[in-house]
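What you are looking at is a predicted structure, and each value in this text was computed from that prediction instead of being measured. Numbering of ligands and ligand atoms starts at 1, following listing order. Computed over heavy atoms, backbone and side chain alike; hydrogens, waters and symmetry mates excluded.
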Amino acid sequence: MANKVSIIMGSDSDYENVKPALTILNNFDIEYEIRVISAHRSPEILVDYVKNAKKNNIKVIIGAAGKAAHLPGVIASYTTLPVIGIPIKSSTMDGLDSLLSIVQMPSGIPVATMAIDGSENAALFALQIIALENLELEKKLIEYRKNMTEKVIEKDKKIQNVL
Ligand code: RP5
């Protein structure tokens with residue numbers, strides 16, 4: 001069975017902001033599960049899912065949530081798998097509430113917190129963790145970075161022509 005990434009969203013309203021993560025995982029051909037499970041509204045389902053994650057071959061869990069975003073912290077409290085948090089911009093506070101809720105974990109239970117709506121980086125970070133034991137994936141990540149560098153060089157050349 002292939003190693004998988006799990007993405008848990010607090011609500012289906014988070015989906016649009018999470019989509020860039022799915023694009024990355026699809027592009028790198030890595031299997032994932034995506035679920036809507038709320039830390040507040042369906043806590044028992046969450047605990048059950050997280051407790052079984054390891055035996056279901058999940059290697060990393062991404063938790064995406066907005067407002068008082070306890071989801072990634074609660075996920076992390078039930079597993080030793082690495083947990084990545086995406087603070088979702090879903091309220092009148094522009095996501096700052098979500099960011100602080102996720103990033104300010106008390107000592108003992110870490111959550112690797114991304115930027116507000118930082119779904120792409122969440123997926124890339126998950127891939128980097130899986131790549132620790134997957135040489136082919138590591139090579140793809142190196143290639144991905146090379147492409148980024150080439151794009152910057154191209155942009156630099158273009159701007160020289162404008163000036
Ligand atoms: C959080 O509350 C969710 O992650 C979402 O970002 C926010 C709003 O949820 P809905 O009211 O749209 O279901 O739990």
Give a yes or no on this: more than 12 heavy atoms of other residues, nucleotides or ligands lie within 6.0 Å of atom NZ of Lys140. yes
Distance-only side-chain donor-acceptor flag, Asn52 / Lys55, under 3.5 Å: yes
Sole residue of Ile86, Val83, Ile102, Ile84 in side-chain contact (heavy atoms from CB on, under 4.5 Å) with Thr113: Ile102
How about Glu138 and Asn134: does a side-chain donor come under 3.5 Å of a side-chain acceptor? no
Return the minimal non-hydrogen interatomic distance between Ser98 and Lys67, and the atom names on each side. OG-N, 3.2 Å
Under 3.5 Å, N/O to N/O: give me all the pairs between ligand 1 and the protein, one per line with atom names and distance.
residue  : atom   : partner : partner atom : Å
ligand 1 : 4 (O)  : Asp14   : OD2          : 2.6
ligand 1 : 4 (O)  : Gly66   : N            : 3.0
ligand 1 : 6 (O)  : Asp14   : OD1          : 2.5
ligand 1 : 6 (O)  : Gly66   : N            : 3.1
ligand 1 : 6 (O)  : Ser90   : OG           : 3.0
ligand 1 : 11 (O) : Arg41   : NH2          : 3.3
ligand 1 : 12 (O) : Ser11   : OG           : 3.4
ligand 1 : 12 (O) : Ser13   : OG           : 2.6
ligand 1 : 13 (O) : Ser11   : OG           : 2.7
ligand 1 : 13 (O) : Arg41   : NH1          : 2.8

Does Ser119 reach the main-chain N or O of Asn17 with its side chain, forming a donor-acceptor pair under 3.5 Å? yes
